[in-house]
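Everything on this sheet refers to the single structure shown next.
Atom set for the values below is all heavy atoms of this structure, side chains included, hydrogens, waters and symmetry mates excluded. Counting convention: from 1, in listed order, for ligands and their atoms alike.
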Amino acid sequence: MRILVLGGDGYLGWPTALHLSARNHDVGVVDNFARRLYDCEMGVDSLVPIRQLQRRVTTWKEVSGHTVQPFIGDLTDEVFVEETIREFAPEAIVHFAEQRSAPYSMIDRKHAVYTQVNNVVGTLNLLYAIAEIDPSIHLVKLGTMGEYGTPNIDIEEGFIEITHKGRTDILPYPKQPGSFYHLSKVHDSHNIHFACRIWGLRSTDLNQGIVYGQETPETMLHRDLRTRFDYDGVFGTVLNRFAVQAAVGYPLTVYGKGGQTRGMLDIRDTLACVELACVNPPEPGEYRVFNQFTESFSVIDLAEWTAKIAGGDVTIDNVPDPRVEKEEHYYNAVATQLPALGLKPHFLEDATIEVLIETAKQHKDRVEFDAIRPTVNWRSTKSQVSVAKGAAGD
Ligand code: NAD
Ligand code: USQ
């Protein structure tokens, strides 16, 4: 297939592009390097050094013989979006290209506005371009399990059958997202669903859980192919952060009681899920939702597991929760559609955490201790985060 990967310079987009390319798909990647700029803004860097996109693409060609075609530009620029889709003529577009940090979106007004404009406008430009250029293109969109929040009933896969006053319908599952970032994904979902209804587009919304891990078979082929590894309080996700904290002897930062339970998956399963969605497209006009995670864990269980694997004197610090979220709640989410298409999950095991801690130890001299502490406070409209001026939205 011809597959265009948007956000192809990012944590998940780059290894996904390699995974698809290694399986003989014709792959293009699109990125505006916004993620690298957030690092400059926050004064941090990926724990594992990463190469520039051009170097990554050249090395991939040398290592594998496959070509990945880069397109540098911004999805909020509608002319760029149209020209790129016309030139590459994809059968599927995998859309990772959004500002994806909940804390970043909660820093202050400017970062919330930037996040929603970047994400919602980028996706809207894409929907218009697909409708005008080739409505048969399958949009595979990365959504998030956080769109649903933590309701006191089972979370279904996108839709729920409701009987109300004697009448029954199948309706979009209610959304209760926990940040302006997560809200941007909800807005995207509504826009995509609507575009499928009015223009007959086809789309798969992948409501993905939290991803952990850093290595994939393709990124391990050469040091120039490695993907990023974030551990800071704004962009680091929970298990990746705990592994780095354990590696450098920083008390594991469990927010509140740590009873927050989330769907999670190994980075290798992200790649497999995306390919399964691409090669099994929906019908024209169909908007389908797959819940993309393989297991659920509470934050405290992850911290205790990491501490056990790390051994020694690793401790857990129950810091006051900077977010507004339930610290104890019911959580039972359905995820049957991707396994039905053939997903064979990599479940979390001791060895996975060991590899993460080992990777962190190899690069421990790059850890900025000041960046680990959570600094974004959901209860404040202006968090005291030291950000460089001139970044998002300026
Ligand atoms: P990332 O920030 O590492 O990658 C996103 C990439 O998109 C970056 O390289 C960035 O420069 C690019 N980008 C952002 N805005 C753009 C724009 N307007 N035009 C062009 N490029 C743009 O994030 P990631 O962790 O790889 O996540 C990828 C996607 O998966 C996101 O949509 C995210 O919401 C979703 N997701 C991630 C996780 C996770 O745990 N990492 C979990 C669930 C869902
Ligand atoms: N948490 C801690 N300690 C930490 C970091 C996080 O206790 O040091 C807690 C948070 O309070 C939260 C949970 O761990 O309850 C998950 O936080 P996270 O930062 O790992 O994940 P989240 O903010 O939800 O966002 C990440 C990605 C986002 C994606 C989402 C999937 O950054 O792009 O959409 O995971 S989901 O959570 O399913 O919505």
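By heavy-atom distance, the residue among Arg323, Arg100, Arg262, Glu327 lying nearest atom 22 (P) of ligand 2 is Arg323. Within the set Ile210, Ile372, Leu142, Leu265, the minimum heavy-atom distance to atom 37 (O) of ligand 2 is found for Ile210.
A donor and an acceptor atom, one from each side chain of Gln214 and Thr219, are nowhere located under 3.5 Å apart. A donor atom on one side chain and an acceptor atom on the other are found under 3.5 Å apart for Thr336 and Glu157. There is no side-chain donor-acceptor pair under 3.5 Å between Glu62 and His222.
Annotation for ligand 2: atoms under 4.0 Å from non-hydrogen atoms of Thr237 are 20 (O), 26 (C), 27 (C), 32 (O). Close approach of ligand 2 to Gly146 is summarised as follows: ligand atoms under 4.0 Å from at least one heavy atom of the residue are 36 (S), 38 (O), 39 (O). Shown in contact with Gly209 at under 4.0 Å from a heavy atom are these atoms of ligand 2, numbered in order with element: 31 (C), 38 (O).
For atom 19 (N) of ligand 1, the closest heavy atom belonging to the protein is Leu75 N, 3.0 Å. For atom 7 (O) of ligand 2, the closest heavy atom belonging to the protein is Tyr255 N, 2.9 Å. Annotation: atom 4 (O) of ligand 1 to nearest protein heavy atom, Gly10 CA, 3.4 Å.
For Arg288, there are no salt bridge (charged side-chain N to carboxylate O under 4.0 Å, His left out) partners, not counting sequence neighbours.
In terms of modelled atom types and a separation under 3.5 Å, the side chain of Arg56 and the main chain of Asp9 share a donor-acceptor contact.
Salt bridge status for Lys110 with Asp108: absent, with no side-chain N to carboxylate O gap under 4.0 Å.
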